[in-house]
Protein chains: 2
Amino acid sequence: MGSSQARRMPVMADVAREAGVSHQTVSRVLNEHPNVRSETRTRVLEAIDKLGYRRNLVARALVTKHSRTLGVVSFDTTLYGPASTVYGIEQAARAAGYFVSIVSLKSIDRTGVRDALDYLADQGVDGIVVVAPQRSAAQTLADLAPGVPIVAVEGGEAGDVSVVCVDQVEGGRLATEHLLSLGHETVWHVRGPSDWLEAEGRVAGWRAALAQAGRAAPEPLAGDWSPRSGYEAGRSLASMAGVSAVFVANDQMALGVLRAFSEQGVKVPDQVSVVGFDDIPESEFFSPPLTTIRQDFDAVGRNSIEVLLRQIEGEEPPACERLVVPPSFVARASTARA
Amino acid sequence: MGSSQARRMPVMADVAREAGVSHQTVSRVLNEHPNVRSETRTRVLEAIDKLGYRRNLVARALVTKHSRTLGVVSFDTTLYGPASTVYGIEQAARAAGYFVSIVSLKSIDRTGVRDALDYLADQGVDGIVVVAPQRSAAQTLADLAPGVPIVAVEGGEAGDVSVVCVDQVEGGRLATEHLLSLGHETVWHVRGPSDWLEAEGRVAGWRAALAQAGRAAPEPLAGDWSPRSGYEAGRSLASMAGVSAVFVANDQMALGVLRAFSEQGVKVPDQVSVVGFDDIPESEFFSPPLTTIRQDFDAVGRNSIEVLLRQIEGEEPPACERLVVPPSFVARASTARA
DNA sequence: GGACCCATTGTTAACGTTCACAGTCTTCCC
DNA sequence: GGGAAGACTGTGAACGTTAACAATGGGTCC
């Protein structure tokens, strides 16, 4: 304990005594019940102020069965994307009067997600947002139905949970079509890890755009989102003939690609055009400034809370919505005509 | 509500009935009280398993007055530093069996911090970590003593709250001494915003190193941590004569500086050496790879939880510790002999 | 064999709210 | 002036857990 508070915190009964009313009337004032005489209300309010009373939310939660706390499960909140999404979630949740309890997972094995959900459910959260970009996580989610409403962010077409996501396919298409429109014969791709839905979506968009233009799709190079993996892919690409346009699945890897090209004397955008994905704050100052696809993480966070609250507070049964946020194209200096 | 749960969750009394014991015995089993016959324990455990019972932590918190939840107040968790610190905090807290409730502030006016603390205190958190890198936040903290234990991260020498921080002065000194050791006449500095304690510390270290070497300190250039502000500082520096070494207060701004130099045809490290601060994952792949000062954010997070828990669980009165994590020097390719 | 200790279990009362219901006092209408 | 509707307030009982204390039983020690 170690608390050195002199006298104990006042409770509702203390306020009631001070104001000369019953504890229930104090409760009514606090909950803005309409049927309280305004004179009584001010008396209670004064008493509250005088005693420095603060309502005990734990006791309240016990009886109402609502903690006004939302849980967030996320994977590696150190990355820009997840961090921004969680930030958006937290802002929106607090604006709606909810607390946010966070669990950041190191790895995303099945048990990890399951444990995190149990953990949060134990705590009595009213709902959970799972930032589950990996297929494995998304599937786990579909299987287990905890007692509380759930929303998945970037969760694929998972069973009967609501999903909020950015249209990754459209993003991949935008990037690829931009490069093709500049006259490049075809577009190479450095993709993200295979169990990430976002990576899959971008690959799909890239393939679709190439197919639509009647171009052959080269074998994509594998990456793991890290600058280093991009660097390695970049070295491979630099050693290959006929590479004039590359769509890299995120900005961090794109940085690695740029670095590798620079080392190998490959000029961007003169010899090779590069497009990234995410639009992290640094991208604008890469050498050269990176043309990329912007994801509105803030909107994703906000929307996920909206969907979740609709599920928590709405009277209808869980509707299982699917909300897609469009990506946008950001032109900078890393692409040029073939 | 909208919950479609068929029958209500079992409570302790249900388990007790099922196992043929009193609810108190169930409680004892759950809390690993020693004086329970092992045969009784297994019977209770079986009943728990059979009914799928989960203990209600809200009710528990009401009577124990401990929620096993810690609050975190942070500013802009989108930035790498805060994000990593919060990540470390969350990991350490969960390992110790605590939940983490987060409040991310947009701005750090006095009221913002005050409200956040009140908000968390209302929720009944057992302790709070404030990632308060700005002087204003740190001061606010010193003023108000909420009922709960508090630890400040990067909080300066604020009054009677415990502080965990990285030795910024030492970091600034390391960077500057490295540049001086390469034979540079003096070292220029692009600093962070003036109300940030970290910015001040780095400036102080830089000045100290210059003074110790008997060199004059040029007027530092002002930045706001963003790549753009670094870019603008870089343009100024490029237009000035006699600039051969620059210590930039964070890696993001350093990126902007590198970009500006590149645009102006200033070669790094041939003409100018650059040192950053933070060691973000991207730094290794800048052009050129950035020599920088690494902060162990993870250690900061872990330590802050350790200090906080010692304050919460220890029996002694709040000791008001001050824990300093040393920075480390990371050599890469952005610096060279004068 | 009686006193005493300890392990084990049960009983009752908090914790601080909100909910359900029952009052009391106006006011208004016929 | 009687009754009913409505505004306002109070009383008692939950919510599901842990704390404090009491009770039981077996063993040990002289």
Side-chain angles (χ1 to χ4, degrees), chain A residues 1 3 5 7-45 47-48 51-69 121-126 147, chain B residues 1 3 5 7-45 47-48 51-69 121-126 147:
Chain A
M1 277 276 298
S3 170
Q5 291 293 89
R7 57 184 201 289
R8 80 184 212 301
M9 290 279 283
V11 299
M12 218 173 240
D14 299 322
V15 176
R17 201 174 317 113
E18 176 75 27
V21 296
S22 76
H23 62 122
Q24 176 62 356
T25 299
V26 177
S27 173
R28 275 191 270 258
V29 169
L30 251 30
N31 294 320
E32 291 171 336
H33 188 99
N35 292 349
V36 176
R37 209 166 15 139
S38 74
E39 192 231 283
T40 310
R41 187 194 324 280
T42 49
R43 205 140 38 92
V44 169
L45 255 23
I48 286 177
L51 300 181
Y53 167 77
R54 318 218 62 174
R55 145 162 72 182
N56 182 326
L57 293 184
V58 174
R60 178 195 172 90
L62 177 61
V63 50
T64 61
K65 313 237 184 243
H66 296 307
S67 59
R68 293 202 77 80
T69 299
D122 271 3
Q123 197 197 12
V125 297
D126 295 344
Chain B
M1 279 277 296
S3 170
Q5 290 296 89
R7 55 185 202 288
R8 81 187 211 298
M9 290 280 282
V11 299
M12 217 172 241
D14 299 322
V15 175
R17 202 175 316 113
E18 176 76 25
V21 296
S22 77
H23 64 120
Q24 177 63 343
T25 299
V26 177
S27 172
R28 275 190 270 255
V29 170
L30 251 30
N31 294 321
E32 291 171 337
H33 188 97
N35 293 348
V36 177
R37 208 163 19 133
S38 74
E39 191 232 280
T40 311
R41 188 196 323 282
T42 48
R43 204 141 38 93
V44 169
L45 255 24
I48 287 177
L51 300 181
Y53 167 76
R54 320 218 63 176
R55 136 163 82 185
N56 183 328
L57 293 184
V58 174
R60 178 194 172 92
L62 177 60
V63 52
T64 61
K65 314 241 185 233
H66 295 309
S67 59
R68 292 202 77 80
T69 299
D122 270 3
Q123 197 198 10
V125 296
D126 295 343

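Note on naming: letters A, B, ... go to the chains in the order of the sequence lines (proteins, then strands), and numbering restarts at 1 for each one.
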Rounded to the nearest 0.5 Å, what's the gap from [atom1] on [X] to [atom2] on [Y]? Could you check?
X     : Y      : atom1 : atom2 : answer
A:S27 : A:R55  : OG    : CZ    : 7.5 Å
B:L57 : B:T64  : CG    : OG1   : 9.5 Å
B:T69 : A:Q123 : OG1   : CD    : 4.5 Å
A:I48 : A:M12  : CD1   : CE    : 7.5 Å
B:Q24 : B:R28  : CD    : CZ    : 4.5 Å
B:E18 : B:R43  : CD    : CZ    : 11.0 Å

Problem set entry | A:L45 and A:V29, any side-chain heavy atoms less than 4.5 Å apart |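 A:V29 reaches A:L45 side chain to side chain.
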Problem set entry | Min side-chain heavy-atom separation A:R60-A:N31 under 4.5 Å |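 Of all side-chain heavy-atom pairs linking A:N31 with A:R60, at least one is under 4.5 Å.
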For this session: Name every residue in residues 15-26 of chain B that has at least one heavy atom under 4.0 Å from any atom of DNA chain D, in order of residue number, or write none if there are no such residues.
Result: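 Within residues 15-26 of chain B, the residues near DNA chain D are B:H23, B:Q24.
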Which pair of non-hydrogen atoms, one from [X] and one from [Y], has the smallest distance, and what is that distance?
X     : Y      : result
B:V11 : B:Y53  : C-CE1, 3.5 Å
B:V58 : A:L62  : CG1-N, 3.6 Å
A:S67 : A:G124 : OG-O, 2.6 Å
B:P34 : B:R41  : O-NH2, 4.3 Å

Please state how far atom [atom1] in [X] lies from atom [atom2] in [N], giving the value in whole angstrom units.
X      : N      : atom1 : atom2 : answer
B:K65  : D:dT18 : NZ    : C1'   : 12 Å
B:H33  : D:dA20 : NE2   : P     : 12 Å
A:L62  : D:dC15 : CG    : P     : 9 Å
A:N31  : D:dT9  : CG    : P     : 15 Å
A:D14  : C:dC15 : CG    : C1'   : 13 Å
A:D122 : D:dG16 : CG    : P     : 15 Å
B:M12  : D:dC15 : CE    : P     : 15 Å
A:H66  : C:dG16 : NE2   : P     : 22 Å

Does [N] have OP1 or OP2 sitting under 4.0 Å from an N or O in the side chain of [X]?
X     : N      : value
A:R55 : C:dT18 : yes
B:S27 : D:dT17 : no
B:R37 : C:dT8  : no
B:T64 : D:dA19 : no
A:N56 : C:dC15 : no

Exercise. Is B:V36 touching bases, backbone alone, or none of the nucleic acid, heavy atoms closer than 4.0 Å?
Worked result: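 The answer is sugar-phosphate, as B:V36 gets under 4.0 Å only of primed atoms, P, OP1 or OP2.
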For this session: Have a look at B:R28 and say if it touches a base, only the backbone sugar-phosphate, or nothing, with a 4.0 Å heavy-atom cut-off.
Result: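 Contact class for B:R28: base.
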For this session: Determine to 10° how strongly the helix from C:dG1-D:dC30 to C:dC30-D:dG1 is bent, judged from the axes of its five-pair ends.
Result: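 That helix gives 40° between its end axes.
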Please tabulate, one pair per line, each protein N/O and nucleotide N/O from nucleotides 25-27 of chain C that are separated by under 3.5 Å, including the distance.
none

Exercise. Between A:R41 and B:L57, which has a closest nucleotide on DNA chain D that is more 5'?
Worked result: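 Closer to the 5' end of DNA chain D: A:R41.
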